[in-house]
Peer 1: 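Right, I'll just put the structure down here and ask away after.
The chains referred to below are lettered A, B, ... by the order of the sequence lines, with proteins before strands, and numbering in each begins at 1. The model shown is predicted, which means the values in this text are computed figures rather than measured ones.
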Amino acid sequence: MDQLILAIAQRLAAASGLPVAELVALIEVPPDEKMGDLALPCFRLAGKLKKKPPEVAADFAAALAGSGSPVAGASAAGAYVNIRLDRAALAAAVLGEVSGSASGLPVSKPGAGQTAVIEFSSPNIAKPFTVALLRGTALGAALSRIHEALGFKVVRCDYFGDWGTQFGKVITAFRKWGSEEKLKSEPIGHLLELYVRFGEEAKVNPALDEEARAVFRKLEDGSAEEMALWERFRSLSVAEFERVYARLGIKFDSYDGEAYYRNKVQAGVDFLRAKGLVEQSQGATIVNLEKQKLGVMLLLKSDDASIYASRDVAAALDRQERFRFSKLIYVVGADQKLHFQQLFKSLELAGCEWAKACRHVDFGLVLIGGEKMSTRAGKVVLLGEVLDKAAELAAKIIAEKNPEMPNKERAAEAVGVGAVAFTSLVTRRNKDVDFAWERILSFDGETGPYLQYTHARLCSILRKAGGAPAGAVDLGLLATDEEHGVVKQLGRMSRILADSAENCEPALLASWCLDLAGAANRFYNQHRVIGEDAALTAARLALVDAVRRRLRAVLELLGLVALEEM
RNA sequence: GCGCCCGUAGCUCAGAGGAUAGAGCGACGGUUUCCUAAACCGUAGGCCGCAGGUUCGACUCCUGCCGGGCGUACCA
């Protein structure tokens with residue numbers, strides 16, 4: 001597609017004397033397919049050419065009209081030039097690109113040789129994995145795969161919340177009310193129960209908070225007894241999180257969390273101090289960013305204990321040292337926006353030129369009934385529960401629709417997870433979303449299962465036909481609107497993939513994927529693929545195979561399993 | 001108080017300077033002797049929060065206001 005646009009821009013440049021790049025940037029897709037495949041608005045060009053917009057459009061249309069492939073026709077409509085493409089030429093270019101790539105992904109790898117460090121998910125251990133955490137997890141995992149598709153080496157970091165006063169609370173609660181059996185049978189559930197109970201009891205008995213702080217101090221001092229409990233809670237939590245990640249198809253390269261950095265905090269603070277950025281204020285150690293209108297960043301509390309900001313400084317310095325990244329992406333909720341602005345500004349002021357390679361990819365909250373979820377109040381929806389319900393529902397539907405199918409359990413799990421994962425990716429990340437069972441458990445319309453269904457249908461057609469055509473195929477036979485519509489969608493992928501990475505916005509890829517699937521469904525609903533005419537059958541099979549490959553590649557980028565049957 | 005984000009069809013969301021603002025869900029109607037009906041086609045449904053401004057042109061950019069969310073030094 002991109003080459004065809006370039007070819008057209010070159011012709012117009014030759015005819016008008018305008019720069020090619022300017023024309024390329026202006027060429028767009030018209031709002032209605034009936035107008036044409038491409039359009040060029042001439043408002044801005046008119047001034048440069050000292051003519052009225054409709055005149056320019058008429059001149060351009062005339063220049064293109066008889067110019068031959070890839071232009072099949074051009075006409076002026078007011079200030080616009082509407083261009084129809086040679087469908088055979090477009091099909092040959094697009095299907096050629098798809099079959100030239102084993103993975104189904106675009107072949108260009110602009111990220112080759114670069115490293116992207118991506119921090120995401122980052123659950124607090126001893127707290128359950130909720131649907132609120134899913135949002136950042138699905139986002140970060142998709143961004144990781146998207147960067148890999150562009151050639152980046154990606155380091156996935158799960159920055160565990162495994163240090164802090166809350167462990168003093170959990171340890172204290174466990175000693176008072178804990179049960180060994182329950183810890184074994186349902187570790188996180190039990191730890192959560194203890195944490196919630198601690199919160200309630202501390203309300204009427206503030207001495208508990210004091211006790212928990214003391215326990216955390218012992219932990220920071222490395223007291224063996226406390227450390228042993230902490231280790232146990234941590235490893236139980238990690239095991240449980242890894243089960244969730246396995247269901248979602250995610251693997252991390254590093255689980256180094258806040259605890260890992262606890263001994264590097266002082267070096268981080270000293271680094272900033274050496275640059276003259278550190279002040280004492282109200283007994284605490286801070287970086288004053290009032291001049292930058294970013295308030296103050298608290299580094300060390302008045303008792304010299306570390307806090308998240310100082311741990312993040314240490315982590316950033318360490319990651320730069322270890323990975324020499326060209327991008328460091330923090331996939332963290334929008335409620336921490338100020339914190340990251342402060343962090344990046346401090347690094348920048350400290351002379352770290354790599355600070356500009358750091359980016360906070362923020363996302364809106366997941367609310368429940370319009371309110372923020374609260375672990376302490378026990379008002380949460382557990383991800384495991386959502387995945388179970390979704391898989392169960394999928395199993396029921398499969399039993400109805402396709403009872404003979406082998407591997408029904410695997411398909412049900414894939415469809416259930418697909419529905420849940422896709423729902424958390426389609427909405428642009430800056431919006432808050434309200435969790436709704438009926439939405440996340442929907443398999444109809446713009447959903448993950450719809451995409452998986454489309455892929456399964458395409459596979460089914462290829463299975464019946466005995467595979468994709470082997471020899472040369474006459475793609476000029478793909479002349480109908482529906483076939484052409486599919487080809488145009490296929491041709492958009494490389495642009496969309498690059499935009500998704502640039503904006504750290506998998507939703508762009510997700511909604512394009514829906515467009516592609518929609519075009520494919522319209523196509524095979526309207527036209528039978530396997531028919532009497534061998535040449536036409538071969539051409540349509542080639543199209544089906546190309547869509548199948550691209551769809552599969554995108555589904556996997558988004559974290560969905562591309563089923564061959566469902 | 002100040003800062004950031006959001007406000008588009010009954011609901012969930014696209015569109016982010018350009019042509020008549022689009023999907024899905026829900027509602028109503030249609031399509032299966034045919035490669036999977038988790039699909040496809042059609043109908044109904046809109047003062048794009050409100051008011052100004054910039055522009056040849058504003059849902060889109062600027063200002064103000066209203067409504068919701070989040071943040072604003074010892075939680076992360």
Peer 1: Just checking, any donor-acceptor pair under 3.5 angstrom between side chains of A/Y450 and A/N521?
Peer 2: yes
Peer 1: Where each residue is assigned the nucleotide of RNA chain B containing its nearest heavy atom, which of A/A77 and A/R528 is assigned the position nearer the 5′ end?
Peer 2: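 So the residue in question is A/A77.
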Peer 1: When rounded to the nearest Å, what value does the distance between C1' atoms of B/rG68 and B/rA73 take?
Peer 2: 27 Å
Peer 1: Could you check how far CG of A/D362 sits from C1' of B/rA76, rounded to whole Å?
Peer 2: 16 Å
Peer 1: Looking at A/S281 and B/rA73, is any side-chain donor or acceptor paired with a base atom of the opposite kind under 3.5 Å?
Peer 2: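 In this structure, the two groups form a donor-acceptor pair.
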Peer 1: Think A/R428 has a side-chain N or O under 4.0 angstrom from the OP1 or OP2 of B/rA14?
Peer 2: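 For B/rA14, neither OP1 nor OP2 has a side-chain N or O of A/R428 closer than 4.0 Å.
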Peer 1: For the pair made of NZ in A/K34 and P in B/rA19, what is the distance, rounded to whole Å?
Peer 2: 16 Å
Peer 1: Tell me what A/P53 touches on the nucleic acid: a base, only sugar-phosphate, or nothing, going by heavy atoms under 4.0 Å.
Peer 2: nothing
Peer 1: Taking the inter-plane angle between the rings of A/F523 and A/H527 on a 0 to 90° scale, is it parallel (under 30°), tilted (30 to 60°) or perpendicular (over 60°)?
Peer 2: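 Tilted.
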Peer 1: Salt bridge or not for A/E564 and A/R463, using N-O below 4.0 Å?
Peer 2: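 No, A/E564 and A/R463 are not salt-bridged.
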Peer 1: Taking atom types as they are modelled, would you say the side chain of A/D312 forms a donor-acceptor pair with the base of B/rA76 within the 3.5 Å cutoff?
Peer 2: no
Peer 1: Given B/rC70, B/rC13, B/rC25, identify the nucleotide with an atom nearest to the side chain of A/D335.
Peer 2: B/rC70
Peer 1: So if I take every side-chain heavy atom of A/N82 and compare against B/rA19, B/rC75, B/rC6, which nucleotide ends up nearest?
Peer 2: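 Nearest to the side-chain atoms of A/N82, counting from C-beta on, is B/rA19.
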Peer 1: Describe the nucleic acid contact of A/L541 in one word from base, sugar-phosphate, nothing, applying a heavy-atom distance below 4.0 Å.
Peer 2: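 Counting heavy atoms under 4.0 Å across all strands, no contact is made by A/L541.
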Peer 1: Parallel, tilted or perpendicular for A/Y308 and A/H339, by the 30°/60° rule?
Peer 2: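 Judged by the thresholds at 30° and 60°, the geometry between A/Y308 and A/H339 is perpendicular.
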Peer 1: Taking the six-membered ring for Trp, are A/F241 and A/F129 parallel (under 30°), tilted (30 to 60°) or perpendicular (over 60°)?
Peer 2: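 Judged by the thresholds at 30° and 60°, the geometry between A/F241 and A/F129 is perpendicular.
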Peer 1: Has A/K301 got a side-chain N or O lying under 4.0 Å from the OP1 or OP2 atom of B/rC75?
Peer 2: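 For A/K301, the contact criterion (side-chain N or O under 4.0 Å from OP1 or OP2 of B/rC75) is met.
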Peer 1: For nucleotides B/rG22 and B/rC35, find the distance between their C1' atoms and express it as a whole number of Å.
Peer 2: 31 Å
Peer 1: Counting the atoms with a prime plus P, OP1 and OP2 as sugar-phosphate, which does A/P41 contact under 4.0 Å by heavy atoms, base, sugar-phosphate, or nothing?
Peer 2: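 Touches nothing.
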Peer 1: Are any non-hydrogen side-chain atoms of A/Y261 and A/Y159 less than 4.5 angstrom apart?
Peer 2: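 They are in side-chain contact.
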Peer 1: In this structure, how many angstroms lie between the P atom of B/rC13 and the CD atom of A/E505, rounded?
Peer 2: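 To the nearest whole Å, that distance equals 14 Å.
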Peer 1: Go ahead and write out RNA chain B as dot-bracket, 5' to 3': ( ) for pairs within the strand, [ ] for ones crossing earlier pairs, | when the partner sits on another strand, dots for unpaired; Watson-Crick or G-U wobble, both distances under 3.5 Å.
Peer 2: (((((((..((((....[...)))).(((((.......))))).....(((((..]....))))))))))))....
Peer 1: Nearest to the side chain of A/V529 - B/rC35, B/rA19, B/rA76?
Peer 2: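 For A/V529, the side-chain atoms sit closest to B/rC35.
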Peer 1: Side chain of A/L298, heavy atoms from C-beta onward: which of B/rC74, B/rC35, B/rA76 has the nearest atom to it?
Peer 2: B/rC74
Peer 1: Do other residues, nucleotides or ligands put more than 12 heavy atoms under 6.0 Å from the CD atom of A/E290?
Peer 2: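 Yes, the 6.0 Å shell around CD holds more than 12 heavy atoms from other groups.
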Peer 1: Tell me whether the side-chain N/O atoms of A/R457 come closer than 4.0 Å to OP1 or OP2 in B/rA37.
Peer 2: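 For B/rA37, OP1/OP2 do have a side-chain N/O of A/R457 under 4.0 Å.
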Peer 1: Quick one: on RNA chain B, does A/D32 or A/A334 contact a more 5' nucleotide (nearest heavy atom)?
Peer 2: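 The answer here is A/D32.
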Peer 1: Does atom CD of A/E33 have more than 12 heavy-atom neighbours from other groups under 6.0 Å away?
Peer 2: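 Check fails, neighbour count at 12 or below.
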Peer 1: How long is the line joining CZ of A/R213 and P of B/rC74, in whole Å?
Peer 2: 13 Å
Peer 1: Expressed as a whole number of angstroms, how long is the span from A/L365:CG to B/rA76:P?
Peer 2: 18 Å
Peer 1: Any side-chain heavy atom of A/V547 sitting closer than 4.5 Å to one from A/Q489?
Peer 2: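 No - every pair of side-chain heavy atoms lies 4.5 Å or more apart.
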Peer 1: Counting only side-chain heavy atoms from C-beta out, which of B/rA73, B/rC5, B/rC35 sits nearest to A/K337?
Peer 2: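 The closest nucleotide is B/rC5.
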Peer 1: For nucleotides B/rU8 and B/rG45, find the distance between their C1' atoms and express it as a whole number of Å.
Peer 2: 14 Å
Peer 1: Please tell me if A/Y450 has a side-chain N or O lying less than 4.0 Å from either OP1 or OP2 of B/rC25.
Peer 2: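 Answer is no, no contact under 4.0 Å.
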Peer 1: Is A/A39 touching bases, backbone alone, or none of the nucleic acid, heavy atoms closer than 4.0 Å?
Peer 2: base
Peer 1: What distance, rounded to whole Å, do you find between the two P atoms, one in B/rA9 and one in B/rA14?
Peer 2: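 Those two atoms are separated by 12 Å.
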Peer 1: I want to verify a distance call: between B/rC35, B/rA39, B/rA76, whose nearest atom is closest to the A/I530 side chain?
Peer 2: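 Looking only at heavy atoms from C-beta outward on A/I530, the closest nucleotide is B/rC35.
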Peer 1: Distance check needed: B/rC74 P versus A/L338 CG, whole Å only.
Peer 2: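 After rounding, the reported distance stands at 12 Å.
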Peer 1: Quick one: are the ring centres of A/Y330 and A/F340 less than 6.0 Å apart?
Peer 2: yes
Peer 1: Quantified in whole Å, what is the C1' atom distance between nucleotide B/rA16 and nucleotide B/rG7?
Peer 2: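 15 Å, rounded to whole Å.
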Peer 1: Rounded to whole angstrom units, what separation is found between the CG atom of A/L514 and the P atom of B/rG15?
Peer 2: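 Result: 13 Å.
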Peer 1: Using only heavy-atom distances, decide whether a donor-acceptor pair under 3.5 angstrom links the side-chain of A/S302 to the base of B/rC74.
Peer 2: yes
Peer 1: Under 6.0 Å from the ring centre and within 45 degrees of the ring axis: does the NZ or CZ of A/R429 meet both conditions for the six-membered ring of A/F120?
Peer 2: no
Peer 1: Below 4.0 angstrom from OP1 or OP2 of B/rG17, is there any side-chain N or O of A/R44?
Peer 2: no
Peer 1: Show your working on salt bridge (charged side-chain N to carboxylate O under 4.0 Å, His left out) between A/R495 and A/D499 and close with a plain yes or no.
Peer 2: CA-CA 6 Å; A/R495 181 77 260 156; A/D499 285 352; 3.2 Å; yes
Peer 1: Using a 4.0 Å heavy-atom cut-off, does A/S442 contact any base of the nucleic acid, only the sugar-phosphate backbone, or nothing at all?
Peer 2: nothing
Peer 1: Going by heavy atoms closer than 4.0 Å, what residues in residues 519-526 of chain A are next to RNA chain B?
Peer 2: A/N521, A/R522, A/Y524, A/N525
Peer 1: Is there a side-chain contact between A/K52 and the phosphate of B/rC56, meaning an N or O under 4.0 Å from OP1 or OP2?
Peer 2: no
Peer 1: If you check the A/N430 side chain, which of B/rC5, B/rC74, B/rC25 turns out closest?
Peer 2: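 So the nucleotide nearest the side chain must be B/rC5.
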Peer 1: To the nearest angstrom, how far is A/R429 atom CZ from B/rC6 atom P?
Peer 2: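 Computing the A/R429:CZ to B/rC6:P distance gives 11 Å.
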